[in-house]
Amino acid sequence: MTETLFGGPTLPPAYPERAAWGTAPKLRAWQQEALDRYLASSPRDFLAVATPGAGKTTFALRIASTLIDSGAVNRVTIVAPTDHLKRQWADAAAKVGIAIDPNFKNSDGQHGRGFIGVAVTYAQVASKPLLHRAKTEAARTLVILDEIHHGGEALSWGDGLREAFDPAVRRLSLTGTPFRSDTSPIPFVEYAEDRDGIRRSKADYTYGYGNALRDHVVRPVMFMAYSGQMRWRTSAGEEMAASLGEAAVTKDITSHAWRTALNPAGEWIPAVLAGADRRLSEVRRTVPDAGGLVIATDHEDARAYAGQLKKITGESPTVILSDDAKASSKIEEFSAGDKRWMVAVRMVSEGVDVPRLSVGVYATSTSTPLFFAQAVGRFVRARKRGETASVFLPSVPQLMALANSMEMERDHALDRPEKEDGDGLFNPEDSLMDEANREEKASDSLTKGKFEALDSRASFDRVLFDGGEFGTGGEVGSDDEMDFLGIPGLLDAEQVGTLLRQRQHEQLNRKNRKAPAADAQQVPAVPDHRMLMDLRNELAKNVAAWAARTGTPHGVVHTKLRTVCGGPPVAQANEEQLKSRLRKLQDWFVGRK
């Protein structure tokens with residue numbers, strides 16, 4: 001086995017755009033290290049956890065080629081979440097000389113002549129496990145389980161996988177998100193008990209987003225968060241209003257404000273789409289074929305967002321709907337072309353490979369860690385050094401927490417109490433997320449019927465990057481927004497961080513220059529309670545960000561601010577005292593490298 005097993009010149013591992021998907025002839029450092037570990041022990045089961053975009057397909061196909069060449073296996077079965085991914089795997093395998101049949105149906109009994117194996121879906125295996133067991137027993141079979149976390153999403157699926165592939169001589173499990181929102185065990189994954197008595201998944205090799213970012217294997221991601229004022233009517237006929245992402249509100253109010261923002265009839269989503277398109281134009285100055293993806297909640301919203309993008313760009317975007325028989329061909333056509341935008345309903349959140357996607361709009365109310373990680377994974381695949389990714393999203397606490405923890409590595413944990421949700425990572429209802437990702441159920445229409453969105457206004461909130469938060473907020477179209485939308489599209493992670501700190505410093509200087517004029521105005525005799533509430537909310541957001549970044553408890557941060565700036569607790573502080581604490585926090589953010 002040589003470094004040029006797949007033919008052609010050897011390629012630097014940071015530039016996969018020069019090779020077809022899954023077929024880079026020279027392995028990246030992590031792939032080679034994982035391969036060496038695999039070959040050293042020749043295990044029956046092996047779990048590789050690698051961040052989306054890192055190159056799991058190339059790694060798996062190299063193992064398959066090695067085992068076939070050595071005679072250890074003479075049949076390959078690839079299990080993937082979707083039909084589109086079956087074809088992607090078959091195409092990638094064909095380019096390295098492995099003939100895989102992605103069109104095999106359970107009713108066929110045997111795969112087509114000339115093929116060494118098949119690509120099937122998890123649902124396909126679960127519906128006829130004994131058929132696949134017979135095929136597995138009939139040959140020395142390598143089973144590649146792509147995105148293996150799907151194997152735990154239903155008892156029948158897990159049982160079906162065990163039944164079908166228990167006789168396999170080798171099983172290679174792959175995932176980019178090694179955690180689930182429920183506690184269903186994943187087949188063929190080893191669990192080890194930790195000091196707290198919790199059984200956690202044990203990977204044989206792990207390559208996280210942080211490591212991939214340092215190796216320039218994936219792009220740095222900037223999260224562009226937008227807030228704004230929302231107004232809606234409840235099912236009881238009561239009109240309500242709230243600021244998107246406001247800290248001092250209930251979960252129900254946050255949820256309704258979020259859905260109001262995503263309503264196509266309001267002004268929030270068109271403003272965010274326009275901002276995302278301006279960002280895409282900036283990126284295309286240096287990356288001419290860069291594309292954008294809007295992830296919508298359902299078909300109705302997807303079509304409406306597509307119409308709004310056509311008004312903004314003059315070009316009809318590609319629309320991908322789960323019930324469209326031509327969905328796969330549309331994705332492939334978009335990937336190979338240079339159209340600006342694609343709009344999809346959730347199904348594109350996992351596994352689909354469109355390397356030119358650079359700008360995303362997270363226009364769905366799904367907020368599980370699994371879905372969020374897979375959605376962001378569509379934008380991080382690096383083609384050449386310096387490409388950046390930008391994801392636009394609503395400024396709500398759930399998404400802000402997920403965006404701030406992009407580099408956190410998690411294992412799948414069993415034995416957790418059902419009510420454990422303090423870290424925002426576990427909720428019993430979240431186990432339904434994968435089902436919603438496959439197809440839109442009537443639940444969408446039911447949740448939409450609980451309230452009526454009246455109107456929405458968007459405002460730029462902040463940028464989240466590398467655990468830090470930048471920007472002082474601003475109106476849509478303002479210099480404060482354009483400072484960040486205009487960041488060049490080719491920068492490495494360190495350059496992005498430096499430029500974000502610089503832009504933040506410039507914004508603070510602009511506000512400070514305007515401050516004397518504001519101070520000259522007469523102070524009202526009666527405090528403005530709305531302004532005080534806004535300042536408290538803004539302070540709470542910044543304290544939360546600083547706490548997440550430094551690992552310092554919120555209360556300790558508030559106490560430190562009171563010590564440095566003086567004044568009473570937040571609830572009793574006046575306008576100037578709250579502004580003083582905000583300025584001090586901003587100084588800390590700017591000064592921390």
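Numbering starts at 1 and runs along the sequence shown. Atoms considered below: every heavy atom in the structure, side chains included; atoms not considered: hydrogens, waters and symmetry mates.
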Side chain to side chain, Val79 and Phe165, heavy atoms closer than 4.5 Å: yes

Side chain to side chain contact (heavy atoms under 4.5 Å, CB included) involving Ala363 - partner list, sequence neighbours excluded: Leu262, Ile269, Val294, Tyr305, Val361

Minimum side-chain heavy-atom gap Thr388-Leu490 below 4.5 Å: no

Within 6.0 angstrom of Glu506 CD, more than 12 heavy atoms from elsewhere: yes

Heavy-atom side-chain contact between Glu332 and Gln88 under 4.5 Å: no

salt_bridge(Arg340, Asp277) N-O dist < 4.0 Å: yes

Heavy-atom side-chain proximity of Thr366 to Thr297 below 4.5 angstrom: no

From CA spacing to verdict: side-chain contact (heavy atoms from CB on, under 4.5 Å), Ile331, Thr318: CA-CA 8 Å; Ile331 293 171; Thr318 297; over 6 Å; no

Side-chain donor-acceptor pair present, Glu469, Asn404, cut-off under 3.5 Å: yes

Set of side-chain hydrogen bond (donor to acceptor under 3.5 Å, both in side chains) partners for Ser335, sequence neighbours left out: none

Listed partners of Gln398 passing side chain to side chain contact (heavy atoms under 4.5 Å, CB included), at least two apart: Thr254, Trp258, Ser367, Val396

Side chains of Asp204 and Tyr38, donor plus acceptor under 3.5 Å: no

Check: Val143 main-chain N/O paired with Arg170 side-chain donor or acceptor under 3.5 Å: no

Those residues that, when tested against Arg44, pass side chain to side chain contact (heavy atoms under 4.5 Å, CB included) (two or more places apart): Arg171

Test of ring centre spacing under 6.0 Å for Phe460 and Phe484: yes

Test side chain to side chain contact (heavy atoms under 4.5 Å, CB included) applied to Arg87 - qualifying residues, sequence neighbours left out: Asp83, Pro102, Ser328

Side-chain H-bond candidate by donor/acceptor type, Trp89 with Asp146, under 3.5 Å: yes

Minimum heavy-atom distance Tyr362-Phe371, with the two atoms named: OH-CD2, 3.2 Å

Residue pair Val221 / Val391, side-chain heavy-atom distance below 4.5 Å: yes

N-O pairing of Glu282 and Arg285 below 4.0 Å: yes

Any pair counted as ring pair (Phe, Tyr, Trp, His ring centres under 6.0 Å), so long as it reaches residues 381-404, sequence neighbours left out: Tyr226-Phe392

Carboxylate-amine/guanidinium proximity below 4.0 Å for Lys339 and Glu333: no

